[in-house]
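This report concerns only the one structure given below.
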There are 2 protein chains.
Amino acid sequence: MKATYKDVKSDILSKITTGEWAPGNLVPNEVDLAATYGCARATVNRAMRELADDGLIERRRKAGTRVRMTPIRQARFDIPIVRVEIEEKGAEYRYSLVSSSVEPAPDWLRARLKLSNKSKVLRLVCMHYADGDPYQHEDRWINLEALPQAKTVEFDEVGPNEWLVATIPFSDVEISFSAGLADQRLTDYLACAIGDPVFTIERSTWWEGQAVTYVRLTYKPGHRLTTRY
Amino acid sequence: MKATYKDVKSDILSKITTGEWAPGNLVPNEVDLAATYGCARATVNRAMRELADDGLIERRRKAGTRVRMTPIRQARFDIPIVRVEIEEKGAEYRYSLVSSSVEPAPDWLRARLKLSNKSKVLRLVCMHYADGDPYQHEDRWINLEALPQAKTVEFDEVGPNEWLVATIPFSDVEISFSAGLADQRLTDYLACAIGDPVFTIERSTWWEGQAVTYVRLTYKPGHRLTTRY
DNA sequence: AAGTTACTTATGTCTAGATTTATACTAAGA
DNA sequence: TCTTAGTATAAATCTAGACATAAGTAACTT
């Protein structure tokens, strides 16, 4: 009898999946549901709120709750820190700094991060290895206006990613995934052939409205990003 | 004074982002926080629960709540229905069924979906166009043991994706992203050259433990999947 | 020293109410 | 007919308290 919010949630879920409550249909209101399940309204509310978060139902004040026509299915990816990603596979992680230089921000980067004309950036090229094999190539640009202290950091031992995570606690982020081709420069680093298809993640990060860093992560050919839900 | 759960949440968030509560630190317990914010414990609880869902803090009974060492940042993607995806870009959507056949499940598919030896599948090849240009190639396999009614459906007008969404309301899903090369077959459909890098999404779907469908979606070269948070 | 048990504590969940807020609907006025 | 002001409703949130559950800790046993 005494239903928990999980009971309510899974019962409503099954009513939706079996089609008893078809897409577009109005779901009974919270008070009625609380009565039928013999629980408090807050319990029903939590179940419904989570279902709404999951994209299965749509809730509007006064209008009531209805089953979504096309359930919005969301995939969640944990944006991986390379070291953790590699270690979780049981492989030994190795990091190497390829080059480091301070230079004026190139035009494409200024446009992408909305930087001022005379912005200087710290450009870092790094490699990440799993059990000695090339795993990921990191091409990173750090806005020295936002993070002047980056200039003095030695990135020989600790990768810029981990340093940034420890330094800027929270940020706005834009991530995009795409497929590209390995060019001459990449083939050397990733030990692959020119024209191999490579998986690329690009990430731009802002903090308090100011651009902090842009990074292009290129994985060795064959890499897959997988999620289950 | 009277703090809402959003007040509490954003205040805690700012304490974390400013570094006042550093990664690894123990956060005051719910009772104390409720006292400092002058609200009920349930209000603090909701704020904390959402922060934990967002991956910023880690909670354990008895052990208390602490700030995550490496904030797990999750990217959420809405798994798009191609038609909606294209229409949202303001382009005109067109769908075309290329081929449809019933055949025994090939070995790689049986392995991937854990199908029985004698499983028959419906294989559909489709194309999706945006403003007349090739946008996505769909190579779909439907398990006829799970969905025998699929055999009788005409997929001339409505794409299998939309039919499936309307037919199976909920499922377990495995999605993976990767980069690949356009082969001879794909270049014709996608109007690209052999060796062009293409972005591929593979999705396997189960319902009540039974494999329903596997689909390989290949986007035209240059496609990007982007998210912000 | 190692294993077991009891205690304590922080989070997890529920209850039965109340208040607030957004908004669909309706009726009055222009 | 169009606009606007009101009203009722359903969700959104909060409260103060209760019990449940997991997990460190300490005390006790072997």
Side-chain angles (χ1 to χ4, degrees), chain A residues 1-16 20-69 71-72 74 76, chain B residues 1-16 20-69 71-72 74 76:
Chain A
M1 181 83 272
K2 217 177 39 172
T4 69
Y5 84 93
K6 283 180 181 170
D7 296 334
V8 176
K9 187 178 172 183
S10 73
D11 189 69
I12 293 179
L13 192 59
S14 78
K15 280 202 200 315
I16 293 175
E20 190 176 333
W21 291 353
N25 275 20
L26 202 61
V27 171
N29 72 41
E30 294 188 350
V31 177
D32 293 348
L33 283 174
T36 57
Y37 288 113
C39 66
R41 196 171 78 90
T43 304
V44 172
N45 181 272
R46 172 144 186 210
M48 301 276 268
R49 178 153 35 84
E50 293 199 358
L51 286 167
D53 284 344
D54 294 346
L56 277 118
I57 58 178
E58 223 168 357
R59 322 193 71 196
R60 266 160 63 211
R61 285 169 163 158
K62 161 74 185 174
T65 299
R66 48 185 68 239
V67 180
R68 263 197 199 282
M69 298 301 267
I72 290 183
Q74 293 182 325
R76 290 182 133 198
Chain B
M1 181 85 269
K2 217 176 41 174
T4 69
Y5 86 93
K6 283 180 180 170
D7 296 334
V8 175
K9 188 178 172 184
S10 72
D11 189 70
I12 294 178
L13 191 60
S14 77
K15 282 201 198 315
I16 294 175
E20 190 177 332
W21 291 354
N25 276 21
L26 202 61
V27 171
N29 72 42
E30 294 188 351
V31 176
D32 293 348
L33 283 174
T36 58
Y37 288 113
C39 65
R41 191 169 76 91
T43 305
V44 172
N45 181 273
R46 172 139 185 216
M48 302 273 269
R49 178 152 36 82
E50 292 199 357
L51 285 168
D53 284 344
D54 294 345
L56 277 118
I57 58 178
E58 226 167 356
R59 325 193 69 197
R60 266 162 67 211
R61 283 169 167 162
K62 162 72 186 174
T65 300
R66 46 185 70 237
V67 181
R68 269 207 135 91
M69 298 301 269
I72 290 184
Q74 295 181 324
R76 291 184 127 195

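The basis for the numbers below is simple: all heavy atoms, side chains too, and nothing from hydrogens, waters or symmetry mates. Each chain gets a letter, A, B and so on, in the order its sequence line appears, and its residues count up from 1.
Taking only side-chain nitrogens and oxygens, Thr65(B) never comes nearer than 4.0 Å to OP1 or OP2 of dA10(C). Within the 4.0 Å cut-off from OP1 or OP2 of dT11(C), not a single side-chain nitrogen or oxygen of Arg49(B) is found. Contact annotation: Thr43(B) does not reach the phosphate of dT13(D) (side-chain N/O to OP1 or OP2, under 4.0 Å). Neither OP1 nor OP2 of dT9(D) sits under 4.0 Å from any side-chain N or O of Arg61(A). For Arg59(A) and dA12(D), the shortest distance from a side-chain N or O to OP1 or OP2 is below 4.0 Å.
One can place CE of Met48(A) at 12 Å from P of dA10(D), the figure rounded to the nearest angstrom. Look at CG on Leu51(B): it is 13 Å from P on dT11(C), rounded to the nearest Å. Straight-line distance from the CG atom of Asn45(A) to the C1' atom of dC14(C): 13 Å, rounded to whole Å. Counting to the nearest Å, the C1' atom of dA11(D) and the CZ atom of Arg66(A) are 14 Å from each other. Remark: C1' of dT9(C) and CG of Leu33(B) are 15 Å apart, rounded to the nearest angstrom. Rounded to a whole Å, the NZ atom of Lys6(A) is 12 Å from the P atom of dT21(D). At whole-Å resolution of the value, OH in Tyr37(A) and P in dC14(C) are 14 Å apart. Computed from coordinates, the Lys62(B) NZ to dT9(C) P distance equals 7 Å when rounded to whole Å.
The residue among Tyr5(A) and Ala63(A) whose nearest nucleotide of DNA chain C lies closer to the 5′ end is Tyr5(A).
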Run the side chain to side chain contact (heavy atoms under 4.5 Å, CB included) check on Val27(A) and Lys15(A) step by step: do they pass? CA-CA 10 Å; Val27(A) 171; Lys15(A) 280 202 200 315; over 6 Å; no

Report the C-alpha distance between Glu50(B) and Val8(B) in whole Å, list the side-chain angles of each, state the deciding distance to 0.1 Å, and finish with yes or no for side chain to side chain contact (heavy atoms under 4.5 Å, CB included). CA-CA 11 Å; Glu50(B) 292 199 357; Val8(B) 175; over 6 Å; no

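Side chain Arg41(A) to base dT13(D): a donor-acceptor pair is found below 3.5 Å. For Arg46(B) against dG12(C), a side-chain-to-base donor-acceptor contact under 3.5 Å is absent.
Separating the CZ atom in Arg68(A) from the CG atom in Asp54(A) is a distance of 11.0 Å, to the nearest 0.5 Å.
Each of Arg49(B), Arg41(B), Arg61(B) was checked for a salt bridge (Lys or Arg N to Asp or Glu O under 4.0 Å) with Glu30(B), and the lone residue meeting it is Arg41(B). If you run side chain to side chain contact (heavy atoms under 4.5 Å, CB included) between Ile57(A) and each of Leu51(A), Leu13(A), Asn25(A), only Leu51(A) comes through.
With dT13(C), dA11(D), dT15(D) as the candidates, the nucleotide lying closest to the side chain of Thr4(A) is dT13(C). The side chain of Asn29(A) has dA10(D) as its nearest neighbour among dC14(C), dA10(D), dT15(C).
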